[in-house]
Protein chains: 2
Amino acid sequence: MKSESIGNYLKAIYQIQERQNDQPVSTTRLAAQLGVASASVTGMLKRLSAGEPKLVDYEPYYGATLTEAGRKSALELIRHHRLIESYLNQALGYPWDAVHAEAERLEHVISEEMEERLAAALGHPATDPHGDPIPDREGHFEKRDDPCLADLADGQRAEIRRVVAQEPELLRYLAGLGLTPSVQFELVSSAPFNGPVTLRVLGAQPSERVIGREIAEKILVAPLHSTITEPSHE
Amino acid sequence: MKSESIGNYLKAIYQIQERQNDQPVSTTRLAAQLGVASASVTGMLKRLSAGEPKLVDYEPYYGATLTEAGRKSALELIRHHRLIESYLNQALGYPWDAVHAEAERLEHVISEEMEERLAAALGHPATDPHGDPIPDREGHFEKRDDPCLADLADGQRAEIRRVVAQEPELLRYLAGLGLTPSVQFELVSSAPFNGPVTLRVLGAQPSERVIGREIAEKILVAPLHSTITEPSHE
DNA sequence: TCCAAAAATTAGGTAAGCCTAAATATTAAG
DNA sequence: CTTAATATTTAGGCTTACCTAATTTTTGGA
Ligand SMILES: [Mn+2]
Ligand SMILES: [Mn+2]
Ligand SMILES: [Mn+2]
Ligand SMILES: [Mn+2]
């Protein structure tokens, strides 16, 4: 990786592209994500698209897209980030709301050897503590398209797969409610007009939870098939 | 810590001062240690002695000395470095010749929380894999003044306490000979005119080792008292 | 004591990454 | 189709941390 700053630009472009169907990323959007002035972004995009190797395709006034090389670099950093989060959580006992900040700095400085040792120590995990997928060494990972909690029908049961958030306060709030990956629940009701969502956590006492719609949209889930599905099928 | 670069200057000044009895560190010596031009060092020393807090006392043409604040910062980094080395070695299985390079980058970015968790996971160790002492959170550590292997008298037995080196090749060579901290041996002979040193590793087969004087001076030891010393004394 | 060699500083530059303010291009509304 | 708002780029600066070359200071012989 060229520099920590370049790495952060590539990661940001990747993540924004991911959220908007690979459309070009605007200067303003990037500036907001990175917390820098738009003028700074313009300058960096020029560098990234001029340098060798070319890391982004940049069309002035139009936007930026990662090249294959840029994508590779971004995924490399994301792999570092998520392996570090997992390791801090599982081996060093960090709570899931504290891992992001630490990983954000460590991801830029660990060696390939350390990456490999962390992965091995964890048994080559597929996801991090938030349920985010961990790309393999080649940058491959399963692209899931899980529905969010707010998409479920009343009465439907599901398992939490992923929580799309890093804000410590929010993560602590959710952990306090017992809403973390692999927890199973039943959706009781979704109030209309983007109202709150009520659910029952399976095996918790008390089990009822009411959360805002905005948060419910950050919780990705896998619906559970009814207890009696296809029998004798493996 | 102001910046990674400043941290490296402070560490370097500390380590040079340590090796020369707290005498002021010269521009050239620092430049050599850091691998930068002397002019760059002059510039940085000015900054370090001008800034708030003042990290070094700097007298042009004379040299630089750490202030108390500078010493604290240096020891903080050294604590990070040695805890990281220990952790990589003990928890992640790194060989002792590989830990230095990784720690050199990580030491600048870990949080105080991570420092504490690493220390706790290791049981608050007093030394790193090379036998270097690990300062506590306040920067205190036992100042040992161990003799080196070359200082021993013929026939004297001792235990290896510390190996003052980070070059991977040298460390691998020594590990290959079984010369690592806590190993016990008997000095057979020191050839005159700075000649090679011959020793017998206790409990090894074959046990004889012959090493150059220069290397013998980097191996610090604790002489073993004869098996029957003062009886009933605690 | 004087002078050359060595050490250190000053002078003048460069590159990365940021900033603000001004200029320009795009877009959206009337 | 024009114009005002918005997005983006350009211009000009700043700081950190380097560099090389020139100058100055210190120092160690002779
Ligand atoms: Mn990697
Ligand atoms: Mn995560
Ligand atoms: Mn610390
Ligand atoms: Mn060490």
Side-chain angles (χ1 to χ4, degrees), chain A residues 1-13 16-17 19-20 23-66 70 73-74 77 104-105 107-109, chain B residues 1-13 16-17 19-20 23-66 70 73-74 77 104-105 107-109:
Chain A
M1 186 61 51
K2 223 55 176 184
S3 74
E4 179 162 337
S5 196
I6 288 178
N8 286 333
Y9 274 84
L10 297 178
K11 252 200 332 173
I13 296 170
I16 296 168
Q17 273 195 270
R19 271 167 191 66
Q20 36 174 66
Q23 280 179 266
V25 174
S26 77
T27 303
T28 322
R29 182 80 188 70
L30 245 189
Q33 176 102 356
L34 292 165
V36 302
S38 308
S40 307
V41 172
T42 302
M44 181 62 97
L45 289 179
K46 278 196 204 165
R47 279 213 293 140
L48 294 177
S49 61
E52 188 56 51
K54 191 167 189 282
L55 296 167
V56 313
D57 289 315
Y58 169 55
E59 194 75 51
Y61 291 106
Y62 175 68
T65 317
L66 290 182
S73 295
L77 270 185
E104 202 60 30
R105 283 171 285 114
E107 63 186 8
H108 301 283
V109 304
Chain B
M1 185 61 51
K2 222 59 176 182
S3 73
E4 180 163 335
S5 197
I6 289 178
N8 287 332
Y9 274 85
L10 297 178
K11 250 200 336 171
I13 296 169
I16 297 169
Q17 273 196 270
R19 271 166 191 66
Q20 38 175 62
Q23 281 179 265
V25 174
S26 75
T27 303
T28 322
R29 182 82 188 70
L30 245 188
Q33 176 104 353
L34 292 166
V36 301
S38 309
S40 306
V41 171
T42 301
M44 182 61 98
L45 289 179
K46 278 196 204 164
R47 279 216 291 142
L48 295 177
S49 62
E52 189 54 50
K54 192 168 189 282
L55 296 167
V56 314
D57 289 316
Y58 169 55
E59 194 74 52
Y61 291 105
Y62 176 69
T65 315
L66 291 181
S73 294
L77 269 184
E104 202 61 29
R105 282 170 286 113
E107 64 186 6
H108 301 284
V109 303

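Computed from a prediction, not measured in an experiment: that's the story for all the values here. By convention in this document, chain letters (A, B, ...) are assigned in the order of the sequence lines, proteins followed by strands, and residues within each chain are numbered from 1.
With hydrogens and angles ignored, the 3.5 Å screen pairs no side-chain donor or acceptor of B/Gln33 with any backbone N or O of B/Ile16. Judged by distance alone, the side chain of A/Gln20 and the main-chain N or O of A/Pro24 form a donor-acceptor pair under 3.5 Å.
The CE-C1' distance, from A/Met44 to D/dT9, rounds to 16 Å in whole Å. Between A/Tyr62 atom OH and D/dT9 atom P the separation is 13 Å, expressed in whole Å. Rounded to whole angstrom, the span from the CG atom of A/Leu45 across to the C1' atom of D/dT9 amounts to 11 Å. C/dC18 atom P lies 11 Å from atom CG of A/Leu48, rounded to whole Å. Distance, A/Glu4 CD to D/dT16 P: 17 Å, rounded to whole Å. One atom, CG of A/Leu30, and another, C1' of D/dT9, lie 15 Å apart when rounded to the nearest Å. Residue B/Glu59 contributes atom CD, which lies 10 Å from atom P of D/dT26 at whole-angstrom precision. Atom OH in A/Tyr61 sits roughly 9 Å away from atom C1' in D/dA7 (whole-Å rounding).
Contact annotation: A/Ser5 does not reach the phosphate of C/dA16 (side-chain N/O to OP1 or OP2, under 4.0 Å). In terms of phosphate contacts, B/Lys46 brings a side-chain nitrogen or oxygen within less than 4.0 Å of OP1 or OP2 of C/dT10. Phosphate contact (OP1/OP2 of C/dC19, side-chain N/O of A/Ser40, threshold under 4.0 Å): present.
Across B/Leu10 and B/Gly70, no two heavy atoms sit closer than the pair CD1-O, 4.3 Å. Of all heavy-atom pairs spanning B/Leu30 and B/Ala12, the tightest one is CD2-CB, 3.6 Å.
The listed nucleotides are C/dC18, D/dT9, D/dC19; the one nearest the side chain of A/Ala39 is D/dT9. Considering only side-chain atoms of A/Val36, the nucleotide from C/dC19, C/dT10, D/dT9 that sits closest is C/dC19.
Between A/Pro60 and A/Gly35, the residue whose closest nucleotide on DNA chain C is further toward the 5' end is A/Gly35.
At the heavy-atom level, B/Tyr9 lies under 4.0 Å from the strands shown only through sugar-phosphate atoms.
Remark: A/Glu107 engages A/Lys11 in a salt bridge, criterion side-chain N to carboxylate O under 4.0 Å.
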